[in-house]
Structures are given as structure tokens and as C-alpha cells.
Amino acid sequence: IGQAAWTSLDLSYTTAHDTASARWRAGWRLLRHVSVGPEARYDESGEQNSGRVGAFLRYDWTAGEISAAGGFAETLTVKDRDRAFYGTVNLLLQF
């Protein structure tokens with residue numbers, strides 16, 4: 001998007017458990033290696049679907065990144081619906 005903004009979309013599917021997921025992020029660089037922005041995720045696994053919407057803070061360097069995120073999550077099954085807050089910490093290493 002430019003020097004100060006970026007976006008990403010991660011998609012995955014596995015035949016082992018017939019599951020799929022998608023995560024979208026839009027980041028704005030506060031500093032050279034620090035980004036902040038909104039995120040959205042959707043997961044589908046059999047009769048259970050879940051989605052979440054929140055915000056993240058990310059620090060990146062040449063060999064990877066670490067990010068923390070939090071927000072609102074909702075899980076839908078055939079029988080019920082569950083709403084809660086979520087928080088995650090992710091470490092990505094490139095090799």
C-alpha cells in the first residue's frame with residue numbers, strides 16, 4: 001500500500017481434518033519495525049464455525065516477527081453460539 005501501510009491475507013485448508021481458515025490484517029507502521037491495525041479471522045471445522053475481530057500490535061525484523069492481538073470472538077455450532085474475548089501471541093520465524 002505504501003511506505004507506512006500494508007495488508008495481508010492468509011488462507012489455509014487441510015484435508016486431514018477438513019478444516020479451513022482465513023485471516024486478514026491491515027497494518028500501519030508506527031515505527032520502522034512496529035505496526036498496529038485491525039484484524040479479522042474466520043475458521044471452519046465440520047459443524048463448528050468461528051470468527052473474530054480485533055486489533056494487533058506487530059514487531060518485525062529480518063528473520064521474522066512477533067505479534068500480539070486481542071478482540072471479540074464468536075463460535076457457532078449447530079446447537080449453540082458462544083461469544084467471548086480472545087488474546088493471542090504469535091511468533092513467526094523465516095528460514
Rounded to the nearest 0.5 Å, how far does CZ of Arg81 lie from CG of Asn49? 11.0 Å
Can Leu57 be reached from Leu31 by stepping across I, L, V, M, F, W or Y side chains whose heavy atoms are under 4.5 Å apart? yes
Rounded to the nearest 0.5 Å, what separates atom CD1 in Ile66 from atom CH2 in Trp61? 6.0 Å
Taking all non-hydrogen atoms of both residues into account, name the closest pair between Tyr13 and Ala20 and its distance. CD1-CB, 3.9 Å
What's the spacing between Glu65 CD and Asn90 CG if we round to 0.5 Å? 8.0 Å
From Arg52 atom CZ to Asp43 atom CG, the distance as rounded to the nearest 0.5 Å: 7.0 Å
Can you label the angle between the Phe72 ring and the Phe85 ring as parallel, tilted or perpendicular, going by 30° and 60°? perpendicular
How close do Ala69 and Phe56 get, counting heavy atoms only, and between which atoms? CB-CB, 3.9 Å
Indicate yes or no: at least one non-hydrogen side-chain atom of Gln48 is less than 4.5 angstrom from one of Asp82. no
Does the side chain of Ser21 come under 3.5 Å of the side chain of Ser12 through a donor N or O and an acceptor N or O? yes
Hey, what do you get for OG (Ser35) to CZ (Arg25), rounding to the nearest 0.5 Å? 9.5 Å
Within the 4.5 Å heavy-atom criterion, are Glu39 and Arg23 side-chain neighbours or not? yes
Once rounded to the nearest 0.5 Å, what's the spacing between atom CZ of Arg58 and atom CG of Leu92? 8.5 Å
Please determine whether residues Val53 and Tyr86 belong to a single hydrophobic cluster, defined as Ile, Leu, Val, Met, Phe, Trp and Tyr linked transitively by side-chain heavy-atom distances below 4.5 Å. no
